[in-house]
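A short worksheet on the structure shown next.
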Amino acid sequence: MTHPRLAATPAELSKALAELLEAAGKDRPGLGLVPTMGALHQGHAALAQAARAENDVVVASIFVNPLQFDDPEDLARYPRTLEADLDLLGAAGVDLVFAPTEETLYPGGLPLVRVSSGSLGTRFEGASRPGHFDGVLTVVAKLLHCAQPPVPAAYRAYFGQKDAQQVALIRRMAADLNFPVQIRPVPIVRAADGLAESSRNVFLSPEDRRNALVLSTALRQLRDRAAAGRPLDLPAALELIREQDGVELDYLQVVDPLTLDPVPAGPEDTLTGPALALAAARVGGIRLIDNMELPV
């Protein structure tokens, strides 16, 4: 299998992108960026395939960002699987992979100036992992700058909808700070058993994985009620998760998909507009997140 071209520094990335865009032979070529932390799965392949469908040149980044880990042990054990990742990205049609070291992307040490996620970054995952989204936005901002193509190329960046709060924050950052890039969310990819694909799933034992399925089951329950025009009855979905052995629920909430403000979802409440159900829990010590759009 042919691997994508590899760039290790911003200078190498810029040079390679210029060559690939010129070779596209178009007045306004499209460049698609797929930022990742590696340990890739079919959810990442779907991001790359979406970028391939819309762009002349596709670049993916692989960088395990220390800024978004609050536990050094969690950072240390995050899987590094570069060769397998290159195989997956090559098969998905990626042209170029940017794989910098920490010293390359953060010369002189971790950055003293960082992007603030504001109040939107203190809810849900931000409440459980203070500072996490500041780290996410800081590295995404750097990657967007590193891969920015010359005018007049069209620029698009692809992010998985499984990290719904992250997608909302990146959209706000791009809009609020005038990043010249279109943010493209890509739907969640699920395994045959319904579990949302995640790099952390490899740490689940078979029993943990079975227990974890209660998250998608509860989300589907909310989705099916919404689709039928019935009251959502969030308390019933909460009880379903809390009764599952081996699952420690952090949150299950129904929110506005853009603002993440809570939406009424009690036993008498039916939806009046777009909504998103967000869930997070620890299963076998592994933190898992999931979400599902609720139809009106």
> Which residue pairs pass the ring pair (Phe, Tyr, Trp, His ring centres under 6.0 Å) test with at least one member in residues 133-171, sequence neighbours excluded?
Replying inline: H145-F179
>> I'd like to know whether I286 forms a side-chain contact (heavy atoms from CB on, under 4.5 Å) with D208, so could you lay out the CA-CA distance, the side-chain angles of the two residues, the decisive distance to 0.1 Å, and finally the verdict.
In response: CA-CA 9 Å; I286 305 303; D208 291 336; 5.9 Å; no
> Charged N to carboxylate O below 4.0 Å: is that the case for R242 and E248?
Replying inline: no
> Do any pairs count as a ring pair (Phe, Tyr, Trp, His ring centres under 6.0 Å) and have a residue in residues 236-283, sequence neighbours left out, and if so which ones?
Replying inline: F124-Y251
> Is there a donor-acceptor pair closer than 3.5 Å between any side-chain N or O of S14 and the backbone N or O of P10?
Replying inline: yes
>> Strictly by salt bridge (Lys or Arg N to Asp or Glu O under 4.0 Å), give each pair with a member in residues 29-52 just once, sequence neighbours left out.
In response: R52-D95
>> To the closest 0.5 Å, what do you measure between CG (D85) and CG (L40)?
In response: 3.5 Å
>> Assigning hydrophobic clusters by single linkage (Ile, Leu, Val, Met, Phe, Trp, Tyr; side-chain heavy-atom cutoff under 4.5 Å), is L260 placed with L252?
In response: no
> Transitively linked via ILVMFWY side-chain contacts under 4.5 Å: L82 with L143?
Replying inline: no
> Linking Ile, Leu, Val, Met, Phe, Trp and Tyr through side-chain heavy atoms less than 4.5 Å apart, which residues share a cluster with Y78?
Replying inline: M37, V64, F69, L75
> Nearest heavy-atom pair of V167 and G160: which atoms, and what distance?
Replying inline: CG2-O, 3.4 Å
>> For a 4.5 angstrom cut-off between non-hydrogen side-chain atoms, does L238 reach L249?
In response: yes
>> Test your reading of the model: is there a side-chain donor-acceptor pair from N65 to the backbone of V139, 3.5 Å cut-off?
In response: no
> Is the shortest heavy-atom distance from the side chain of P111 to the side chain of T138 under 4.5 Å?
Replying inline: yes
>> Within a 6.0 Å radius of atom CD on Q182, are there more than 12 heavy atoms belonging to other residues, nucleotides or ligands?
In response: yes
> Rounded to the nearest 0.5 Å, what separation is found between the CG atom of L120 and the CE atom of M173?
Replying inline: 12.5 Å
> Do L240 and Q221 have side-chain heavy atoms sitting under 4.5 Å apart?
Replying inline: yes
>> To the nearest 0.5 Å, what is the distance between CD on E12 and CG on L17?
In response: 11.5 Å
> Do V283 and R287 have side-chain heavy atoms sitting under 4.5 Å apart?
Replying inline: no
> When you measure from the side chain of R156 to the backbone N and O of G30, does any donor-acceptor pair fall under 3.5 Å?
Replying inline: no
> Hydrophobic cluster mates of V151, side-chain heavy atoms under 4.5 angstrom, ILVMFWY only, any path?
Replying inline: none
> If Ile, Leu, Val, Met, Phe, Trp and Tyr residues are connected whenever their side-chain heavy atoms lie under 4.5 Å apart, and connections chain through other members, are L144 and L96 in the same group?
Replying inline: yes
> Quick check: does any side chain N or O of Q165 sit under 3.5 Å from a backbone N or O of R123, one acting as donor and the other as acceptor?
Replying inline: yes
>> Taking salt bridge (Lys or Arg N to Asp or Glu O under 4.0 Å) as the cut-off, I'd like each qualifying pair that reaches into residues 22-48, sequence neighbours left out, listed once.
In response: K26-D56
>> Show, in sequence, the C-alpha distance, side-chain angles and deciding distance for V97 and I62, and conclude whether the side-chain contact (heavy atoms from CB on, under 4.5 Å) test is met.
In response: CA-CA 7 Å; V97 170; I62 297 176; 3.9 Å; yes
> Between D87 and L89, does a side-chain contact (heavy atoms from CB on, under 4.5 Å) hold up when you go through it step by step?
Replying inline: CA-CA 6 Å; D87 287 340; L89 294 172; over 6 Å; no
>> For D134, is there an ion pair with R129 - N to carboxylate O distance below 4.0 angstrom?
In response: no
> Have S119 and T122 got a donor and an acceptor in their side chains that come within less than 3.5 Å?
Replying inline: no
> Hey, what do you get for OG1 (T270) to CG (L294), rounding to the nearest 0.5 Å?
Replying inline: 12.0 Å
> Same cluster for F98 and L88 if Ile/Leu/Val/Met/Phe/Trp/Tyr side chains link at under 4.5 Å?
Replying inline: no
> Quick check: does any side chain N or O of T81 sit under 3.5 Å from a backbone N or O of A84, one acting as donor and the other as acceptor?
Replying inline: no
>> On a heavy-atom basis, which atom in P257 and which in P274 lie closest, and how many Å separate them?
In response: CD-O, 3.5 Å
> If every non-hydrogen atom of L31 is compared with every non-hydrogen atom of A147, which pair is closest and at what distance?
Replying inline: CD2-O, 3.1 Å
> For V113, which fellow cluster members are found when Ile, Leu, Val, Met, Phe, Trp and Tyr are connected by side-chain heavy-atom distances below 4.5 angstrom, either directly or through intermediates?
Replying inline: none
> Going from CG on N291 to CG on L276, what distance comes out if it is rounded to the nearest 0.5 angstrom?
Replying inline: 4.5 Å
> Can you find a heavy atom in the side chain of R223 that is under 4.5 Å from one in the side chain of E293?
Replying inline: no
>> Under the ring pair (Phe, Tyr, Trp, His ring centres under 6.0 Å) definition, can you give me all pairs with a residue in residues 182-202, not counting sequence neighbours?
In response: none
> Should R282 and D250 be marked as a side-chain contact (heavy atoms from CB on, under 4.5 Å) after you check the CA-CA gap, both sets of side-chain angles, and the distance that decides it?
Replying inline: CA-CA 7 Å; R282 285 194 174 273; D250 185 349; over 6 Å; no
>> Rounded at 0.5 Å granularity, tell me how far CD in Q68 sits from CD in E125.
In response: 11.5 Å
> Can you name the closest pair of heavy atoms from G93 and V58 and give their distance?
Replying inline: O-CB, 4.3 Å
> Who else is in V189's hydrophobic cluster (ILVMFWY, side-chain heavy atoms under 4.5 Å, direct or via others)?
Replying inline: none
> How about P35 and S61: do any of their side-chain heavy atoms sit closer than 4.5 Å?
Replying inline: yes
> Do L204 and L288 touch side chain to side chain, with heavy atoms closer than 4.5 Å?
Replying inline: yes
>> Looking at every heavy atom in both C146 and L13, which two are closest together, and how far apart are they?
In response: O-CD2, 3.5 Å
> Where do L215 and A281 come nearest, in terms of heavy atoms and distance?
Replying inline: CD2-CB, 4.0 Å
> Can you check whether V57's main-chain N or O pairs, donor with acceptor, with N55's side chain at less than 3.5 Å?
Replying inline: no
>> With heavy-atom distances below 4.5 Å as the criterion, would you say the side chains of P231 and D269 are in contact?
In response: no
> Do side-chain atoms of S216 reach the backbone of L195 as a donor and acceptor pair under 3.5 angstrom?
Replying inline: no
>> Checking D74 now: which residues fulfil salt bridge (charged side-chain N to carboxylate O under 4.0 Å, His left out) with it, not counting sequence neighbours?
In response: R77, R200
> Can you get from L177 to V181 by hopping between Ile, Leu, Val, Met, Phe, Trp and Tyr side chains that sit under 4.5 Å apart?
Replying inline: yes
>> Has E239 got a side-chain atom pairing as donor or acceptor with P235's backbone, closer than 3.5 angstrom?
In response: no
> Does the side chain to side chain donor-acceptor pair (under 3.5 Å) test come out yes or no for H132 and D70, once each step is laid out?
Replying inline: CA-CA 7 Å; H132 169 72; D70 53 8; over 6 Å; no
>> Considering only residues two or more places apart or on different chains, which pairs with a residue in residues 171-199 satisfy salt bridge (Lys or Arg N to Asp or Glu O under 4.0 Å)?
In response: E54-R184, R172-D176, R190-D290, D193-R209
>> Suppose the criterion is ring pair (Phe, Tyr, Trp, His ring centres under 6.0 Å): which pairs have a residue in residues 7-56, not counting sequence neighbours?
In response: H41-H44
> Under a 4.0 Å N-O cut-off, is there an ion pair linking R5 with E19?
Replying inline: yes
> Would a distance-only check, ignoring hydrogens and angles, find a side-chain to backbone donor-acceptor pair under 3.5 Å from D256 to D261?
Replying inline: no
